[in-house]
J.: 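Below is the structure I would like to discuss, written out as structure tokens.
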Amino acid sequence: MKGLLLFLVMGLAALTMTQCSKDNGRQDHSTTVDIVDPNEDEYVDLGLVSMTLWKASNEKNEADAETDYFTYDEAVALFGDKLPTMEQFYELMHSCRWEWVSLGFYKIIGPNGHYILLPASGCRDCNGEVDYDRRYGFYWSSTPDDDMKAWYLNFYSREIYMYKHYRCFANSVRLVERQL
């Protein structure tokens with residue numbers, strides 16, 4: 001993860017992005033992206049109606065330091081109510097502007113102009129195979145589907161959606177907090 005951050009910082013001057021609107025329209029607009037590296041422990045107020053704050057960085061998995069992925073059960077056990085619900089992801093999807101950055105992440109800009117970055121960090125399947133790094137993002141929600149599957153945010157450069165897959169998959173985790 002630190003290698004990816006270093007790579008991102010080094011390439012900031014030459015970044016281009018593609019804008020993906022709320023309706024996931026497929027219009028591409030190239031422009032430069034102004035990115036300031038946020039404090040990784042900081043929660044960002046995006047100006048959402050729910051007053052949900054989103055953490056500025058993904059969680060690190062001490063047991064899986066190479067990938068920072070968590071299975072669904074690990075994520076729920078470790079983070080509890082700080083794991084976003086499916087509804088919080090839907091609000092993020094529909095209330096914010098999502099700009100794809102060619103290095104493999106989305107810059108998500110809230111109604112108030114503040115933003116977070118969501119890397120397309122890939123995932124690890126139930127057999128231990130890691131795939132999709134810098135092409136797809138997989139982020140667990142706290143919302144189960146049934147005893148075998150749970151909901152997650154999935155994205156790539158042209159589409160953002162909620163889907164479900166097996167809890168043994170290991171995805172990234174981004175925490176939330178409610179503003180008082």
Side-chain angles (χ1 to χ4, degrees), residues 1-12 14-35 38 44 46 54-61 64 66-72 75 83-110 115-143 145 149-176:
M1 192 64 171
K2 289 187 184 217
L4 176 61
L5 283 175
L6 180 60
F7 182 69
L8 291 172
V9 171
M10 291 174 60
L12 288 177
L15 289 178
T16 60
M17 64 88 186
T18 300
Q19 184 172 358
C20 186
S21 65
K22 266 200 306 193
D23 64 355
N24 291 332
R26 304 302 184 266
Q27 300 175 356
D28 294 343
H29 306 282
S30 292
T31 186
T32 60
V33 176
D34 180 31
I35 297 174
V44 179
L46 297 171
W54 286 82
K55 193 164 182 190
S57 64
N58 290 350
E59 291 308 297
K60 298 180 182 357
N61 188 339
D64 188 7
E66 286 187 35
T67 61
D68 289 330
Y69 299 141
F70 299 85
T71 65
Y72 175 77
L83 198 61
T85 64
M86 187 166 53
E87 291 79 15
Q88 287 169 313
F89 272 127
Y90 274 123
E91 181 183 36
L92 191 71
M93 290 166 58
H94 298 291
S95 297
C96 297
R97 191 172 77 241
W98 291 59
E99 297 177 351
W100 178 254
V101 178
S102 61
L103 289 175
F105 63 91
Y106 269 105
K107 179 178 181 182
I108 303 166
I109 305 163
Y115 66 87
I116 59 172
L117 307 174
L118 279 185
S121 301
C123 70
R124 187 181 63 228
D125 68 23
C126 296
N127 297 320
E129 295 292 320
V130 174
D131 202 1
Y132 304 115
D133 190 27
R134 286 198 283 274
R135 293 178 293 146
Y136 286 83
F138 301 85
Y139 286 80
W140 281 124
S141 82
S142 62
T143 308
D145 179 57
K149 294 181 179 179
W151 289 93
Y152 67 97
L153 174 74
N154 186 224
F155 60 79
Y156 63 101
S157 64
R158 301 244 185 245
E159 193 169 8
I160 306 155
Y161 53 95
M162 294 297 296
Y163 201 69
K164 56 189 173 185
H165 67 201
Y166 293 101
R167 295 177 180 205
C168 59
F169 272 74
N171 295 340
S172 298
V173 169
R174 181 64 61 100
L175 301 182
V176 295

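Excluded from the calculations below are hydrogen atoms, water molecules and symmetry mates; all remaining heavy atoms, backbone and side chain alike, are included.
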J.: Looking only at atom types and distance, does a side-chain atom of Asp68 sit under 3.5 Å from a main-chain N or O of Asn61, one as donor and one as acceptor?
T.: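 At least one qualifying donor-acceptor pair exists.
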J.: Closest heavy-atom contact between Arg134 and Leu103?
T.: CD-O, 3.3 Å
J.: Within the distance-only criterion (no hydrogens, no angle test), does the side chain of Ser141 pair as donor or acceptor with the backbone N or O of Trp151 below 3.5 angstrom?
T.: yes
J.: Counting N and O atoms only, with roles assigned by atom type, does the side chain of Asp125 sit under 3.5 Å from a partner on the main chain of Asn127, one being a donor and the other an acceptor?
T.: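 The answer is yes, because a donor-acceptor pair under 3.5 Å joins these two groups.
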J.: Any idea how Phe138 and Tyr132 line up, ring-wise: parallel (<30°), tilted (30 to 60°), or perpendicular (>60°)?
T.: tilted
J.: If only atom types and distance count, is the side chain of Tyr106 paired as donor or acceptor with the main-chain N or O of Ser157 below 3.5 Å?
T.: yes
J.: What's the spacing between Phe169 CZ and Cys123 SG if we round to 0.5 Å?
T.: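 That separation rounds to 6.0 Å.
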J.: Provide the closest heavy-atom pair for Phe70 versus Lys60 in the form atom of the first, atom of the second, distance.
T.: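 Phe70 and Lys60 have their closest heavy atoms at CZ-O, 3.6 Å.
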J.: Heavy atoms only: give me the nearest Val173-Ala75 pair and the separation to one decimal.
T.: CG2-CB, 3.9 Å
J.: Are any side-chain N or O atoms of Trp98 and backbone N or O atoms of Ile160, one a donor and one an acceptor, separated by less than 3.5 Å?
T.: no
J.: Looking only at non-hydrogen atoms, find the nearest pair between Lys164 and Tyr152 and report the distance.
T.: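 It is C-CE2, 3.5 Å.
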J.: How close do Leu46 and Ile108 get, counting heavy atoms only, and between which atoms?
T.: CD2-O, 4.2 Å
J.: Under 30°, 30 to 60°, or over 60°: which ring-plane class applies to Tyr136 and Tyr156, parallel, tilted or perpendicular?
T.: tilted
J.: Would you compute the distance between atom CG of Leu153 and atom OH of Tyr163 and round it to the nearest 0.5 angstrom?
T.: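 Reported value, rounded in 0.5 Å steps: 14.5 Å.
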J.: If you measure from CZ on Phe105 to CD on Glu99, what distance do you get to the nearest 0.5 Å?
T.: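 Answer for the CZ-CD pair, Phe105 versus Glu99, is 10.0 Å.
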J.: Apply side chain to side chain contact (heavy atoms under 4.5 Å, CB included) to residues Met93 and Tyr90 and explain how you reach the verdict.
T.: CA-CA 5 Å; Met93 290 166 58; Tyr90 274 123; 4.1 Å; yes
J.: What is the distance from atom CD1 of Ile109 to atom OG of Ser95, rounded to the nearest 0.5 Å?
T.: 14.0 Å
J.: If I take atom CG from residue Asn171 and atom CG from residue Asn154, how far apart are they, to the nearest 0.5 angstrom?
T.: 8.5 Å
J.: Looking at every non-hydrogen atom in both residues, tell me the closest pair between Ser121 and Ser172 and how far apart they are.
T.: CB-OG, 3.6 Å
J.: Tell me whether Arg174 contacts the main-chain N or O of Leu117 through its side chain, where contact means a donor paired with an acceptor under 3.5 Å.
T.: yes
J.: CG of Asp145 to OH of Tyr166: how many Å apart, nearest 0.5 Å?
T.: 10.5 Å
J.: Any donor-acceptor pair under 3.5 Å linking the side chain of Tyr139 with the backbone of Asn58?
T.: no
J.: Applying ring-ring contact (aromatic ring centres under 6.0 Å, His included), run through Phe89 and Trp54 and close with a yes or a no.
T.: CA-CA 10 Å; Phe89 272 127; Trp54 286 82; 5.3 Å; yes
